[in-house]
Amino acid sequence: MRKNESVKEFFGDIHRHLMTGVSFMLPAIIVYAFFMVMSQVGGPFGEVSAKLSEYAHMLIVPVLAAYIAFSIAGKLALIPSFIVGVMADMLGMGFLGGLIVGILMGYLIKLIILGTSKMKGGQTLDIITSFILGPIVGSLLIGMLIYFVIAAPISGFTKMLEQWLAGLSGGSVVVMSIVMAGMLAFDMGGPLNKVAYSFMILASSEGAFNIVGPALVAITIPPLALGLSTIISRRKYSADELPAGKTALALSIFGLTEGAIPFAASDPLRVIPSIMAGSITGAVCAALLGVANTSVVPSILGIVFGMAGTYGVSAILFYILSHIAGAAVSILLLHFWKKDVPAEE
Amino acid sequence: MKIVAVTSCPVGAAHTYMAAAALEKGAKKTGHEIKVETQGSLGFKNKLTVDDVSEASVVILACDVACLEIERFKNTAILDVSTKKCIKDPVAIIEEALEKVKKENDDEEK
């Protein structure tokens with residue numbers, strides 16, 4: 001019993017560590033995606049954008065690794081994880097590599113800190129720990145482990161995944177769309193959403209634009225549907241929630257799924273299935289209509305950056321149509337499923 | 001009783017502030033004093049001072065991601081919860097925190 005508890009104390013809340021990494025990585029992904037789109041503008045501005053996007057992309061995996069390790073073991077774990085994180089990225093290990101480096105480094109550094117704190121070495125030992133044991137030994141041990149042992153199987157797996165993605169077509173695109181849309185809508189910007197979004201960026205970089213289109217539709221539907229629902233089905237929402245509807249509508253213009261959170265928080269069992277159903281409907285429509293998108297930004301921005309000029313007017317119409325179909329399903333479900341809120345509360 | 005709390009979430013834009021608002025509401029309902037620090041995407045807001053922490057009998061950490069500068073609370077009773085739980089039932093969280101204080105006081109007397 002006691003032993004179990006100390007094991008639990010050592011490993012702590014793994015989920016929290018991973019989320020810390022994702023939280024710090026997110027801005028890098030946004031910058032990468034935004035400037036990748038901007039680089040298509042061309043000219044000097046396009047050139048700068050391409051560079052910014054490229055460098056942001058280089059930071060994604062190291063930052064993920066570093067802040068997972070930071071969450072586990074604190075400041076001392078940052079630099080060695082950045083270094084080995086860059087190495088893992090260069091070896092083609094992708095997100096998975098960042099995850100592995102962060103976890104391994106975090107616990108190694110934590111072990112080092114625990115071990116040296118039990119020895120009586122005073123300040124000298126502290127200095128040795130923070131300048132030699134942590135950065136140098138940490139980098140060396142995990143670096144060797146990654147370089148000689150872990151890199152080959154993981155980068156092989158990542159390559160397989162990429163090839164599989166690029167080869168997807170027809171029915172499998174529909175299945176893929178259902179899974180991705182469900183994940184995107186389920187936790188509205190939470191961990192599952194980010195896994196699906198990262199996957200979508202991977203698909204985009206592999207040129208699988210027919211998978212990106214449906215996913216982008218799925219992202220926008222939850223805030224769009226809830227925003228419209230507060231207007232159409234006013235009685236289903238309390239006075240507190242109505243202003244959140246306007247916010248959700250505004251966020252849906254930029255395709256931020258987070259706009260749906262306040263509604264899901266107050267009535268999760270009805271709201272989450274409703275928006276998942278809407279997102280899945282929209283994504284399947286888009287998949288069946290063959291909606292593709294070369295950008296990684298949703299909503300109207302997706303039309304401007306990923307469709308205009310590349311795909312015809314009919315494709316853009318199908319894109320909009322898919323949004324309408326998905327939102328309609330969510331709005332109807334919300335209308336008939338949610339309970340009326342008493343006028344006075 | 002004086003309570004302090006820290007909230008944080010992965011995106012740092014929604015749950016962080018919702019949990020903070022909920023805790024403030026919950027404290028008001030139960031008649032306790034609370035100060036909530038948010039560690040959102042724009043960094044610290046309403047940051048707890050040294051005095052805040054030393055005067056508080058308990059700190060509620062509603063952190064879905066790593067709480068920054070956690071070493072501030074090494075001499076304070078800590079209650080670890082998720083932001084979700086705070087938003088759902090802040091009163092229960094406040095009560096749980098108070099129970100924690102009571103239990104630690106009992107342990108000390110022994």
Side-chain angles (χ1 to χ4, degrees), chain A residues 8-9 12-27 29-30 64 66-75 77-78 102 106 110 113 187-195 197 223 240-241 244 247-248 251 254 256-269 272, chain B residues 5-26 28-29 37-45 59-74 77-93 100 103-104 107:
Chain A
K8 204 178 159 200
E9 197 177 303
D13 194 347
I14 270 224
H15 179 252
R16 178 182 299 173
H17 303 321
L18 298 184
M19 277 308 107
T20 305
V22 171
S23 167
F24 278 89
M25 171 188 71
L26 221 52
I29 290 198
I30 292 169
L64 175 67
Y67 283 95
I68 290 173
F70 170 76
S71 175
I72 297 170
K75 185 184 139 198
L78 271 176
K110 192 166 184 183
I113 294 174
D187 57 357
M188 300 149 286
L192 265 183
N193 172 296
K194 293 298 174 253
V195 169
Y197 189 71
D240 287 349
E241 287 177 315
T247 314
L251 290 177
F254 303 102
L256 287 167
T257 322
E258 279 85 348
I261 290 176
F263 302 99
S266 61
D267 190 8
L269 289 177
I272 292 176
Chain B
V6 179
T7 64
S8 72
C9 67
V11 179
H15 281 99
T16 303
Y17 299 107
M18 280 157 69
L23 284 174
E24 276 160 7
K25 227 180 194 174
K28 209 173 168 191
K29 250 186 210 164
E37 168 183 306
T38 52
Q39 297 181 355
S41 53
L42 299 176
F44 294 91
K45 270 189 194 162
V59 52
I60 300 172
L61 296 184
C63 297
D64 298 342
V65 300
C67 169
L68 303 175
E69 300 183 17
I70 197 168
E71 57 280 359
R72 288 176 291 177
F73 309 118
K74 62 176 183 237
I78 292 179
L79 178 70
D80 256 316
V81 290
S82 64
T83 53
K84 242 184 207 148
K85 266 192 191 160
C86 291
I87 295 164
K88 218 173 182 182
D89 194 354
V91 173
I93 297 287
K100 187 126 194 168
K103 206 175 149 205
E104 291 208 355
D107 286 349

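All figures in this text were calculated on a predicted structure; none of them were measured in a lab.
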Just jot down the side chain to side chain donor-acceptor pair (under 3.5 Å) partners of B:Glu69, sequence neighbours excluded, or say none. B:Lys47
Do you know which of B:Asp64, B:Ile70, B:Val65 has the most heavy-atom pairs under 4.5 Å to chain A? B:Val65
Measure A:Tyr67 against the heavy atoms of chain B and call it side chain, backbone, both or neither at under 4.5 Å. neither
Region of B:Cys67 that comes under 4.5 Å of a non-hydrogen atom in chain A: neither
Do side-chain atoms of B:Glu104 reach the backbone of B:Ala77 as a donor and acceptor pair under 3.5 angstrom? no
Counting only N and O atoms by type, is there a donor-acceptor contact under 3.5 Å from the side chain of B:Thr16 to the main-chain atoms of B:Cys9? yes
Which residues satisfy the side chain to side chain donor-acceptor pair (under 3.5 Å) test with B:Ser8, sequence neighbours excluded? none
